[in-house]
Structure formats: C-alpha cells, structure tokens
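All values derive from a computational prediction rather than experimental measurement. Remember, it's 1-based here, ligands and their atoms both numbered in the order they're listed.
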Amino acid sequence: MMIIMHTDATPAQVQLVIERVEACGLKAHLSQGAERTVIGLLGNVRAVTPEQFEYLPGIDRVVPISRPYKIASREFIPENSVFPIDGQSMGGNEILIFAGPCAVESRTKLLEIAHAVREAGAHALRGGAFKPRTSPYAFQGMGEEGLQILAEARQVTGLPVITEVMAPEQVCLVAEYADILQIGARNMQNFALLHAAGESQHPVLLKRGMSATIEEMLMASEYILSHGNKRVILCERGIRTFETATRNTTDINAIPVLKSQTHLPVILDPSHSTGHWQYVTPIARAAIAAGADGLIVEVHQNPEEALSDGGQSLKPERFAELVRQVKLIAEAMGRRVAPVRAEQAAAQGQA
Ligand code: PEP
Ligand code: MN
C-alpha cells in the first residue's frame, strides 16, 4: 500500500502520516519525487486498511501496490532511478559500459587490461578478486591482494572499479577498495549478503540467478532497497534452458520486462549469457536495442591463457569494436554511450 500526498502537503502533514504508519507496526518508506511525495507502507500491510489513513490531512489517496516487491516497483516510484557512479550517471539517457577480465590474475596483467579497456571506451573496470567457481579445485581468485591491485588500477586509469563480494562479512573489506559491489548469480538469493549490501553506501550490481524468475530477482533487489541502499543496478546474465549451444540463454525479454516493472537501471552481461566471445558483440547490440542502460563485458589480453572464462572474453581490439557498434545502436535508440573522461575534457576544451 502507498499513500500519495497532495502536492501542497506540508512537512508536518507528511510527518504525521509517517508516525501513524509506524504506530501500526509498519515501516514507512518516504519517496520525495519532483512531482509527488509518496509514503510506502512496508511490512504486514494486510493488518491495516486504507480507511485508517485516508482521513489524515494532506493525503491525496491511498492505493495498493499490486506487486510483492514494493520499493523496486514502478507503481511506487514511476521515474527512472538515476544515480552517480564516480561522476558518471547510471540509469539516465546515457549508457555505461563496464569491462575487464573475469578475474584479477596478476598486477601486470590487470594494469595492462585496465589501460586497454579505458582506451577502448569503458566507463568502469571489472575484475573478480573473490571468484565463485563451480569446482573447488579451480582458481578461486587472488582475494584481498586482487582488491589492492584493482585499487591501484583505479588510481592509474581513473576508472571506477566493480568487483564481486561473496559473503556478508566481506562487504566492508570489498567496499574499502571497490566503487561498485557485484553480487553474483550464485548469490542472488543469499539473503544475509543482500542485507549487508543494503546497509552499504556503495552501488550494488545484482546479477540474476541462473534459475531465478524476474520476480525473484526483483524480490532480491527489494532486500537491498529495504535496508536503505537505493543504488541497485539489475543485471541480466543469462538463464539455464534446454539449449546447449551457448553457456546460458540470454533472456532479452527480461530487459523490457524489467524496465516496465521497475525504475532501477538494467544492464546486460553478454559474456556469461552466451559463453562464447563470437556471440558477445551481437548480443550486446541486441541488449541496447532492447533498452538496456549498460553492459558488463569480459575482456582479456590473451583469452587462451585466462584463468577463468577465457572462451567468452573479448580481446581489447574486439571490445573496441563492440563499443563502436553499441554507440551506433544507442544513437538509433535516441540515447548515447556516456562520453569517457578524455572525450568530456575534449568537449569542454572546445566549448
Ligand atoms: C562474473 O561476473 O565473473 C560471474 C561469476 O558472473 P555470474 O555471477 O553472472 O556467473
Ligand atoms: Mn566470469
């Protein structure tokens, strides 16, 4: 249920409504948009009726939220959520591209690839330090040393860093080094982790579980949102189907479905959703055409020797071509790929 205030409602009237909501044992979630102030009722809303609030001064109307997720829903917040990531804007008209290796493998290799993806037009550097591998015998990532290398790459390239956090007790450590926390597909319903990420101030990239429905993904995002973190980016990364020609099946449908049901930014990972580098660029193009707000792409200087996910990693020159093509698709959609810092500086120089 949500309470929509009159446009001329006073702060005191808003406060009174919040107090009444809390007196009923519910949580009040205040959302002050440009157009309207909305108070969302969170908790066991079945215990209350609209009539309990309708008579309060300043209220325009009380309406039910039909979806099980509340803060994530477009019913509750109709405008797109747009938020800054290191000075760049996520969720608006501009498209952001995150790129880098599946895993941080060494300082030398990471610094080299960080420069390469920046030159090719990436807006953030990805790289796993803690890797969720199917086999316990496979490379598990460099851990904190990997985080330190990512931080150094950020310092020398200026690119913000996105990396995976696998456990609630790792959130503080990863947040010390990273700009964006990634929650991987295998952890989409790790509720303790979602809770901890919700208490962090860092933007969170939430990947769809490989067998999760869109509604389950939105419910997972609700865990983060309901613990106070508004900066959630949803990432479609392919789902399990009967098809074996690709590692996963890209659910392109999920992009317009998510965009219609939630105000949160939605991006696609064409690397994990296809599992083969040859299909990454075509599916990246499709994602932007379908309305995605960004991409996260695996790039490696020498994919044949990568310690994880080499077969789906693009070489830097192929990634540069992906960016070139995605720019054309974005333009056709009336959007644009966000300028990178060098382009911004050049544009300011011309102005
Ligand atoms: C990754 O980004 O390297 C990764 C492990 O992704 P996912 O959680 O989508 O499998
Ligand atoms: Mn990977």
Side-chain angles (χ1 to χ4, degrees), residues 96-105 109-110 113 117 122 124-136 138-143 146-147 150 161-167 170 174 178-190 193-194 197 203-214 216-217 220-221 224 232-241 246-252 254-255 258 266-277 279-280 283-284 287 292 294-315 319:
L96 295 183
I97 304 176
F98 308 153
C102 178
V104 180
E105 298 177 358
K109 283 199 262 180
L110 188 80
I113 202 70
V117 297
L125 174 67
R126 66 146 288 149
F130 296 100
K131 293 303 303 175
R133 305 304 301 278
T134 301
S135 165
F139 175 58
Q140 305 285 310
M142 293 181 73
L147 296 176
L150 284 166
V161 159
I162 169 164
T163 195
E164 180 158 355
V165 53
M166 283 173 46
Q170 275 175 359
V174 174
D179 298 277
I180 307 171
L181 306 176
Q182 175 174 329
I183 296 185
R186 291 156 191 80
N187 269 319
M188 190 203 82
Q189 285 184 318
N190 179 339
L193 177 58
L194 299 172
V204 178
L205 178 83
L206 177 65
K207 298 188 98 179
R208 179 178 181 181
M210 58 195 81
S211 304
T213 64
I214 291 172
E216 284 164 344
M217 184 190 200
S221 78
I224 304 171
V232 179
I233 306 162
L234 302 173
C235 180
E236 166 62 40
R237 48 77 73 205
I239 50 173
R240 284 266 168 96
T241 68
T246 49
R247 181 176 180 183
N248 290 290
T249 295
T250 310
D251 185 5
I252 283 287
I255 297 167
L258 284 167
V266 177
I267 75 166
L268 182 89
D269 173 347
S271 308
H272 291 86
S273 80
T274 63
H276 298 269
W277 70 264
Y279 310 136
V280 169
I283 296 305
L295 297 166
I296 180 165
V297 182
E298 288 186 338
V299 182
H300 196 285
Q301 57 269 70
N302 194 357
E304 299 76 25
E305 288 178 12
L307 297 181
S308 65
D309 289 350
Q312 65 191 34
S313 298
L314 294 180
K315 291 185 175 164
F319 172 64

Tell me which protein heavy atom sits closest to atom 9 (O) of ligand 1, plus the residue, atom name and distance to 0.1 Å. Arg237 NE, 2.7 Å
Pairing of Arg247 and Asp309 as salt bridge, 4.0 angstrom limit: yes
At a 4.0 Å threshold, what atoms of ligand 1 neighbour a non-hydrogen atom of Gly184? 8 (O)
Working for side-chain contact (heavy atoms from CB on, under 4.5 Å), residues Gln312 and Cys102: CA-CA 9 Å; Gln312 65 191 34; Cys102 178; 5.7 Å; no
What is the nearest protein non-hydrogen atom to atom 2 (O) of ligand 1, stated with its residue, atom name and distance? Arg126 NH1, 2.8 Å
CG/Asp269 to OG1/Thr250 distance, rounded to the nearest 0.5 angstrom? 9.0 Å
Interatomic distance, Glu298 atom CD to Leu314 atom CG [nearest 0.5 angstrom]: 9.5 Å
Does the side chain of Met210 come within less than 4.5 Å of Arg237's, by heavy atoms? yes
Within less than 2.8 Å of the Mn ion (ligand 2): protein N, O or S atom count: 4
Do Pro132 and Asn187 have side chains that get closer than 4.5 Å, going by heavy atoms? no
Among protein heavy atoms, which lies nearest atom 4 (C) of ligand 1, and at what distance? His272 NE2, 3.4 Å
Quick one: does any side-chain atom of Arg133 pair with a main-chain N or O of Phe139 as donor and acceptor, under 3.5 Å? yes
Run the side chain to side chain donor-acceptor pair (under 3.5 Å) test on Glu305 and His300 for me, step by step, so that the C-alpha distance in whole Å, both residues' side-chain angles and the decisive distance to 0.1 Å come before the verdict. CA-CA 9 Å; Glu305 288 178 12; His300 196 285; over 6 Å; no
When rounded to the nearest 0.5 angstrom, what distance separates CG in Leu205 from CZ in Phe98? 7.0 Å
Check whether any heavy atom of Lys131 sits under 4.0 Å from an atom of ligand 1. yes
Is ligand 1 less than 4.0 angstrom away from at least one heavy atom of Met210? no
May I ask you to identify the nearest protein heavy atom to atom 6 (O) of ligand 1, giving residue, atom name and distance to one decimal place in Å? Lys207 NZ, 2.9 Å
Quick check: Asp269 and ligand 1, any N/O pair under 3.5 Å apart? no
Proximity flag Cys102 to ligand 1, non-hydrogen atoms under 4.0 Å: yes
Using a 4.5 Å cut-off on heavy atoms from C-beta on, say whether the side chain of Val117 contacts that of Ile97. no
Kindly confirm or rule out an N or O of Asp309 lying under 3.5 angstrom from an N or O of ligand 1. no
Closest approach of any protein heavy atom to atom 8 (O) of ligand 1, naming residue and atom: Ala185 N, 2.7 Å
Could you pull out the closest heavy-atom pair between Ala99 and Phe319, with the gap in Å? CB-CZ, 3.4 Å
Is the backbone N or O of Gly127 less than 3.5 Å from a side-chain atom of Thr163, with the two atoms forming a donor-acceptor pair by type? yes
Within a distance under 4.0 Å of any heavy atom of Gln182, pick out the atoms of ligand 1 and give their elements. 1 (C), 2 (O)
